[in-house]
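Residue numbers start from 1 in every chain, and the chains themselves are labelled A, B, ... in the order their sequence lines are given, proteins ahead of strands. Remember, predicted model here, so these are calculated numbers, not experimental data.
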There are 2 protein chains.
Amino acid sequence: MSAIVSDALGETAPDSFGEGADAERAPTRSLSVADRIRASILSGDFEPGARLHEVRLSERLGVSRTPVRSALQSLASEGLLEYAPNRGYSVRRFLTSEIVDAYEIRTMLESLATRLAAERGLTDAERAVIEGALADGDAILAKEELEESDRIGYGAVNFAFHDTIHAASRCRMLGDMIRMCQSVPQSSHRNVVSFEYLEVRRRHEDHHRIYDAILLRDAYRAEMLMREHVASVKTGLVRSISGRAPTRSRR
Amino acid sequence: MSAIVSDALGETAPDSFGEGADAERAPTRSLSVADRIRASILSGDFEPGARLHEVRLSERLGVSRTPVRSALQSLASEGLLEYAPNRGYSVRRFLTSEIVDAYEIRTMLESLATRLAAERGLTDAERAVIEGALADGDAILAKEELEESDRIGYGAVNFAFHDTIHAASRCRMLGDMIRMCQSVPQSSHRNVVSFEYLEVRRRHEDHHRIYDAILLRDAYRAEMLMREHVASVKTGLVRSISGRAPTRSRR
DNA sequence: TGAGCAAAAATTGTATACATTAATTATTGA
DNA sequence: TCAATAATTAATGTATACAATTTTTGCTCA
């Protein structure tokens, strides 16, 4: 992987609860604890719906309940946990419909981010990261077939590409919202849903076209390309959720 | 105003810090305090950028720092406050560009919500609320001119219409995100930016058309109508920000 | 045996004391 | 007089004790 891309990733090792140097660098215990619990949840340490007991977490993490409570509140506001007054926090359950809906939302948000990035232009650093990601992806695909081990590598490429566009939109709120969408299972850019060679190559070609459109400042084309790009991933996901139609949220 | 609409509004009186029956009903102090501080900020009690000292707030509200801290964290995650580690919370400043960007985002989110509402259909109660709002708006506009006192009334109508569509999208995340957009100054549905008769009438006609499209389950037309509807409000806002182009965020 | 209820335990919510960091003021030196 | 720095003040961060609520347990009674 190009050094530029791996730098841009921040490379948070999935140190589930083992206080990585990363977490230790956080300015307060509350933030560090939030990072550690988040990583733990995303790596699947807790079942969906599982309660997170404040005392147990505080003992396990070696801090008092205060920073734990603060961290849990943060994670709930990120959409990772559910909160009920006097009953604490639990890992959020996602209905299939919510996962699909999150893709609908992301389709709109990412295409908007791409339009704004095209309108506002890229910095030199951002161009370098994207070009690195595109080159890395080209290299992975040059083999004409994909191994399971390429999943992580291409996941990083995919993440770097999209994340840099989010940053280039120069709109913090947009980045925050896209991050919320990504806390939904199977919706992270690191997770490449369908991993067949032709699918991945097609999506990588999309990346090239989107980047070209951004460089040419063709905001409308960039927006539409990204919309189709994300929407096609959603379609793939829906198809992969077996044959049955996505279940609708009850009420 | 029709009873149905005013019911649907929940009518949170702007009781800046006076613990309304509403806040008192909250299950925990943290939540009640958050409600009271939020109302206080939105009613303009604090300058943008003003620090919110935990001790002063806790004294003023008659609670300890614990629920105040929890409330401040909530408000920061809503986008109303800014947080810096070891330096506390302050009222978020919005650049003009951020206000405009929030409208761009809302345009996408609200049009998506409208499409989903059309696809998924309305409950009887939702139809009743919207029809009430439309009738109330018709009544206000029947006079062929608007007084300043109509601002609040039409604001309520506007809010009821949009809020019901958000609910009908059956997508909590979408509602949350639209709420984040509305914490941006001048971006609440209650705030009717331009209040000239012809402008308001045009927008109210939009409401009628959007509702028709939803009833007919014409998802694409409903989406596009809402997109244009919100975008036109944005355009009006940009025009009203005097002649100069909206300032771009630095960096 | 099971439903209903009461007591106990466990868990979250709040207050407060202390620790740590940032901001302010005072002091020293040139 | 001003700049740099030390001492002080004030603010936030954390730990812990207590209060209120929820959940569990075990009992009673039909």
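With sequence neighbours excluded, the residues that form a side-chain contact (heavy atoms from CB on, under 4.5 Å) with A/Ser111 are A/Glu223, A/Met226, A/Arg227, B/Met108. Partners of A/Glu131 under the salt bridge (charged side-chain N to carboxylate O under 4.0 Å, His left out) rule, at least two apart in sequence or in another chain, do not exist in this structure. For A/Ser169, the side-chain contact (heavy atoms from CB on, under 4.5 Å) partners at least two apart in sequence or on another chain are A/Ala113, A/Leu116, A/Cys171, A/Leu174. Residues satisfying the side chain to side chain donor-acceptor pair (under 3.5 Å) criterion with B/Arg172, sequence neighbours excluded, are A/Glu82. In this view, A/Glu54 and A/Arg65, A/Arg69 satisfy the side chain to side chain donor-acceptor pair (under 3.5 Å) rule, not counting sequence neighbours. Among residues two or more places apart in sequence or in another chain, the side-chain contact (heavy atoms from CB on, under 4.5 Å) test is passed with A/Ala118 by A/Ile214, A/Ala219, A/Ala222. For the side-chain contact (heavy atoms from CB on, under 4.5 Å) test, residues two or more places apart in sequence or in another chain that qualify with B/Pro48 are B/Arg93. Shown here are the side chain to side chain donor-acceptor pair (under 3.5 Å) partners of B/Arg38, two or more places apart in sequence or in another chain: B/Asp35, B/Glu78. Applying the side chain to side chain donor-acceptor pair (under 3.5 Å) test to B/Arg127 and every residue at least two apart in sequence or in another chain returns B/Asp124.
Within the 4.0 angstrom heavy-atom criterion, only backbone atoms of the sugar-phosphate kind lie near A/Tyr83; the bases stay farther away. In this structure, B/Leu52 reaches the sugar-phosphate backbone alone: every heavy-atom distance under 4.0 Å involves primed, P, OP1 or OP2 atoms, never a base.
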Between the protein and nucleotides 22-24 of chain D, list the N/O to N/O atom pairs that are separated by less than 3.5 angstrom.
unit_1 : atom_1 : unit_2  : atom_2 : d
D/dT23 : OP1    : A/Arg87 : NE     : 2.7
D/dT23 : OP1    : A/Arg87 : NH2    : 3.1

Give every pair of a protein N or O atom and an N or O atom of nucleotides 14-17 of chain D that lie under 3.5 Å apart, one pair per line with the distance.
unit_1 : atom_1 : unit_2  : atom_2 : d
D/dT14 : OP1    : A/Arg29 : N      : 2.3
D/dT14 : OP2    : A/Ser30 : OG     : 2.8
D/dT14 : O3'    : A/Arg29 : NE     : 3.1
D/dA15 : OP1    : A/Arg29 : NE     : 3.3
D/dA15 : OP2    : A/Ser64 : N      : 2.8
D/dA15 : OP2    : A/Ser64 : OG     : 2.6
D/dA15 : O5'    : A/Ser64 : OG     : 3.4
D/dA15 : N7     : A/Thr66 : OG1    : 2.6

Between the protein and nucleotides 8-10 of chain C, which nitrogen or oxygen pairs come in under 3.5 angstrom?
none

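At whole-Å resolution of the value, CD in B/Gln73 and P in D/dT12 are 14 Å apart. The nearest whole Å value for the distance from the CD atom in B/Glu59 to the P atom in D/dA10 is 13 Å.
Ion pair A/Arg92/A/Glu98 flagged as a salt bridge, since at least one NZ, NE, NH1 or NH2 atom sits closer than 4.0 Å to an Asp/Glu carboxylate oxygen.
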